[in-house]
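Report on one structure; see the data block that follows.
Owing to the predicted nature of the structure, the values given are computational and were not obtained by experimental measurement. Labels below follow one simple rule: chain letters A, B, ... track the order of the sequence lines, proteins then strands, and each chain is numbered from 1.
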Amino acid sequence: MLRTTPFHPRTSLINQLQNWRRWSGYYTAGLYEMSHEREYWAIRNAAALFDVSPLMKYLIEGPDAARLLDRIVTRDVQKMSIGQVIYTPWCNAEGKVLDDGTVSRLGETTFRMTSADPNLRWLNLNAAGMDVSITDISDQMAALSLQGPKARVILNRCAAKSLDGLKYFRLMENAIAEVPVTISRTGYTGDLGYEIWMEAANALPVWDALMAAGHDYGIAPAGILALDVARVEAGLILIETDYTAAHHALIESQKSSPFELGLGWAVNLEKGPFNGKQALVAEKAHGSEWMFVGLEVDWVGMERLFHEVGLPPQISPLTLRASLPVFKGSAQVGYASSSTWSPVLKKYIALAHVQKPYFEIGTDVLLEVTVEHQRKYAPAKVVKTPFYEPEWKKK
Amino acid sequence: MTSHTYDAIIIGGGHNGLINAAYLARAGKKVIVLERRPIVGGAAVTEEIFPGFRFTEFSYVVSLLRPEIIRELELPKHGLKILPLPSTFTPMENGDYIAAWDDHDKTRREIYRHSPKDADAYDDYARLMVRMAMAVKPLLSLIPPDLASLSPRDLVGLLKTGLYAASLSEKDLYAVAKLVTQSSGDLLDDWFETDALKGTKSASGIIGTFLGPRSPGTAYVLLHHYMGEIDGAFRAWGFAKNGSGGVTASIASAARALGVEIRTDAPVKQVIVKNGRAVGVALENGDEFHASVVVSAADPKRTFLQFVEPKYFPDEFITQIRNFRVRGSSGKLNLALSELPNFTALPGEGELHRGAVSISPSIDYIERAFDDAKYGQVSRRPYIDIIIPSMIDPEMAPPGQHVMSCFVQYVPYDVEGGWDESKKEAFAENVIATLEQYAPNIRRAIIGKQIITPVDIERIAGITGGNIFHGELLLHQLFFLRPAPQWADFRTPLPGYYLAASGAHPGGGIMGAAGKLSAQEILKDGLR
Amino acid sequence: MNSYDAIIIGAGHNGLTTAAWLAKAGKKVLVLEKRSVVGGACVGNDAALDPAPFSGGFLRPDIVRHLKLTQFGLNPAPVATDLISLLPDSRQLVLSADPVKTAESIAQFSAADAAKWPDFVRFMDKAAATLEAAYATPIPRLPKFSPTEGLPLAQLALKIRGLGARDMYAFIRLLPMSAKEFLDDWFESDALKAAIASLGIHNANLGVMSAGSAYNLLHQYLIRGGWGQPANDLRQVIAALESAAKAFGAEIRTSAEVARVTVENERVSGVLLASGEQNSAGTVLCSADPKRTFLSLVTPEPLDPEFVWQVQTLKMRGVTAMAAAQSAAPLPAGTLIVAPSLNYLERAYDAAKYGQISEKPYLEITTAGNSLSIHFQFAPYFLKNATWNAETRAKLESIVVDTLETRLPNLKSQIHNLKSLTPLDLETAFSLTEGDPHHGQLALDQFFFMRPIPGYASQKTPIAGLYLCGSGVHGGGGVSGIAGRNAAKAVLKGSL
């Protein structure tokens, strides 16, 4: 048996297909209804409620807490204000990405780190000689993510304090159904959204309060399938799908630097020594060989490929987490690692690793697709990500 | 007296001898295998000791029968089925247990229960081991060169070895070097904190050796567990249908299909040498067989000190073979049971019974077991690796009843005062008393037992010292030093005479590799 | 703030060797020593009779020549004293530099062994010379080194091949063997094998049955120059090195504790003293052990966490205690050992595996006039369910005295002024992490290109300008000056 999250007593009752996926050893819903469509539209048009409890969570406390994190991640932790959250990758000494996640400054010497992969060993390795304590709080802490344009209204209806003043990537202490919670304005959908952190033992009343408060605003519990579409639209990377963690990689070419993942904006080369700094300084000077970019498939071209065999376009509504080769002429110049039909944009889009110089915005490339058992090449263009960013996301 | 002529005669019908014969036959050679016992299989035979209960007397799991051998000799066609042995369960002295199940998440959760740090380290450790297995694998199929020789063959071998080392990344090269020279205890202490986890992992580094987990050189053996993951076998451990005898039966069948003649009840007296060349074999009954080459799949001591007169070898070589360490260190207790052992740490019948059960609560526990053996005693509290073949293959025991194989270490060959019946009984009692601590119903469940010491292994399987690997896996007995410097390429100082078993590179535990590699070398020499 | 070409941390024999060597090459050198006296592990605390971690040793002849140490008062060419095994039946086995005399002594136990002795010594001398050549060979980073870097390695390989097939293989086989296995191949007398094997466990957390103890045996044989400890006074060695260094222009400051090696832009910039004083230098050579160097003298930020982990997992684990005493009665001269049998030595080690003090220890006693210096094994730094305190010290001392009594009857009533150094004392008073006099076990996995950390065997560290010159690196372990000399050579070859 896999483990169940603190919300399982609720989520198991509404999972119509009993469709469960694995996430870090937990059951997590693929979708709740017979199709993920309503869940997706809830993200983009109302509010979707995700159980994100399986995330890894670590509490880092002590006089050297900031120093430790600053050594690990590529952004400047020392400069964070209390109540600030940052999204950041972290690297090994060769400047290759190990994982990505968030760091929240809860106090002067208290931080919480979330990550996709276990990082306890890495945190401890880095803490040699530092005065800091590291606790894995993954099990003790439940987490929900409320995403969508109505998220704030819903929270304001059930939270003790108003969320109106909470800025993008900031957090606040609050209470829902009299349960103390921390609410951060973060998410993985590229929409307006919040993440709510609470003691695992007090999780259910929070779920119930949110569902009740959101009832009139179209709240929908949502699963991984809807989330996957939204995160590709938002241009957000997924570990083990879009990149291989450097310490999981068996060969060099499986590793990526933050620059190669399009996360150059999150690398601060001005700050003091941190893991991978020397390698990243060198990479920055020489320029990266690879870049992680958005691809927008030319729909007319795609339609033609199907038309040639006498079919209308047949596109899966699900995000494809498989590698599709990218060509320039007859030469392979990269591969798309996530691709999806975007319901809101009415476009087929992909996140792709592309080699120099073909990763420049506007470059025309070809994406390999299979049409009626045959390999075909759909015209596509390198574009900026995110593909979709509503104006209310950061407001 | 009868006389027969062949291209190659193989002495010994164990798995290496049979594999060697099969590969030679596959190359079109006329081959005969001469086996001393009435059945083939060497250390890997399955016999019915009690009515209805079938035991694999010595070997017990198919750790690493090379997958290419399985494929090339089409062993599955000849009845080979390797059934999964999915878990390892370790009861602890405090009444708890730790287990590795056949699911990553489940195992992680189990280890996390004992130590979150170890759960994290477990994954990193496994990845390192897989990378190391990738790095070491080519070494196993290299023919070790003679470092002192200037012959083209050895220089090419040296170059190949050098190129291999240069092909590794700096990190991997160093990691391999560390692994080869470390003790498994040190390696595991660096990674983990849970005693029972470390104990169980370290146990796989000492199986078949006369070393404790604190002895340098034991870390390398831990890799064997991860070999299966990278070479297309997809499982590190398995249990063969019909026991290990099922494996040799399938190899024998494959060999026969390729035209190999197998003669049992044919104990070899002597290798016949003419004009400084091995030309045949004389049996104890006086029968003679003649061939272009003679291949010994016996252990090095028998091969060089018993079958051939010493005058055919340089004194230096004889000294080296005499100094080759072959101290057997393990024994077995095979039990016929009326019911399954009921472990107090996890009562009732369950998943654990389908996998291995390991009595290895800590590194210190195993090291103390070794300390006893160092001074000539059977371990008072031994390391025991248990499987219940009847749970995996119902044909091994009558319905509802079970056979249980307990591999026990340390059981020294040179026990102080020598082996006798009362010592054997005392050894069995040590094992049962140890098991009783974790599964109190065990004594009542026993309806029959078979006790096997290294002396029994020597007597029955014909392995000097009763060492299941034909020679201890010590650093100075590996690669170009196995079994002796300058003679690590399966050839011997006697032309026409070859060594094809575990006493040669790459040693025991890599099942069948010596048999196959030696066949290749024999063919390279242009077997007439 | 003063500026130097090179700052050397620690004025032990290696630090002083490096300092003298660099100063002789015209460099402006500063040596910083935490204690009030120079000499590190060679020199005890205050009184001349206080025990020190090392009771014997000498500098390699090429160092003595290069630094002209005889001009500075060094007694030239010390010879190894006789190694005298005191057996329980009051017989003695004497291993001396004279093979004939030794063979006679061995003949009491085995005529066959006595006959083999000259051959054995010949092999040991050849093997020791090969090991010394290996210690003088700079080790490049493997596997992709330049031809220039590879040349010394190739020369070493040729030298090893030059031994001939038989001795080459014997040398290669020896390294991973246990002392017992190595000696079993040669001899039959347990007393003889045990006496020789005692070198294999000297200062090592190994038993005579542990793989790698044959290598340690050879190492000890090399740095002693024979079987017993060299007949010279380590204080005199240190005084000569100090005078030489000063004469060549090195500045030596005692009671100058280093707080931190300062690093700017991933390069060494100097040394900050605990007093707050900063001295700058582009090159810093640290003779402290690798753990102390990387875990407390530099901040972790510029280091790869994986590298730090390798440092953290370095095996130090000292097992040696020392004692010194005076005797009213005259003492036999030489190096006396309590090492009667292989099993005795192995059992002494068994205790250490489980964190116990050996009840029946291996002792090596060196005498000078009425003074004895006693080397005790095994006294593990990490005791199980106990710590090093007055009680465990008393236990240690009583085992010392009782064991001496079994070999030198009536000594118990004669000795006075017994002072001991526990492994914890070695750490606190001599800055030897975990009380390991070798700055890291001389074990197979911490040997040659893996000493102290794979990839950093040639004195360089991941921090540009920071070098290791103490016993923890390739060639180090015991009093020989090899590590100090190699570091000075490496620095001079580089861009200083």
Name the member of C:Q446, C:K353, C:E306 that forms the most heavy-atom pairs with chain B at distances under 4.5 Å.
C:K353
Side-chain (B:R325) to main-chain (C:E181) donor-acceptor, under 3.5 angstrom
yes
Do any N or O atoms from the side chain of C:Y169 and from the backbone of B:L147 form a donor-acceptor pair under 3.5 angstrom?
yes
When the 4.5 angstrom heavy-atom criterion is applied to C:M209 and chain B, the contacting part is side chain
Other residues, nucleotides, ligands: >12 heavy atoms within 6.0 Å of B:K117 NZ:
no
Quick one: closest heavy-atom pair of B:P485 and C:R173, and the distance?
CG-CD, 4.1 Å
Rounded distance (nearest 0.5 Å) linking atom CZ of B:R214 with atom CG of C:N205
9.5 Å
Given 3.5 Å as the limit, does a donor-acceptor pair link the side chain of C:Y354 with the main chain of B:R368, or not?
yes
With chain B as the partner chain, list the residues of residues 145-164 of chain C whose heavy atoms fall under 4.5 Å from it, by residue number, and write 'none' if nothing qualifies.
C:R161
Using residues 316-323 of chain B as the side-chain source, report each donor-acceptor pair under 3.5 Å to any protein atom, sequence neighbours left out, with the distance given to one decimal.
{"residue": "B:E316", "atom": "OE1", "partner": "C:R166", "partner atom": "NH1", "Å": "3.2"}
{"residue": "B:T319", "atom": "OG1", "partner": "B:D315", "partner atom": "O", "Å": "2.9"}
{"residue": "B:N323", "atom": "ND2", "partner": "C:D185", "partner atom": "OD1", "Å": "3.4"}

Using a cut-off of under 4.5 Å for heavy-atom pairs, which of C:A211, C:S210, C:G212 has the most such pairs with chain B?
C:A211
Non-hydrogen atoms of chain B under 4.5 Å away: do they reach the side chain of C:E346, the backbone, both or neither?
both
Answer with side chain, backbone, both or neither: which region of B:L211 has an atom nearer than 4.5 Å to a non-hydrogen atom of chain C?
neither
What heavy-atom pair brings C:D445 and B:K178 nearest, and what distance separates the two atoms?
O-NZ, 2.9 Å
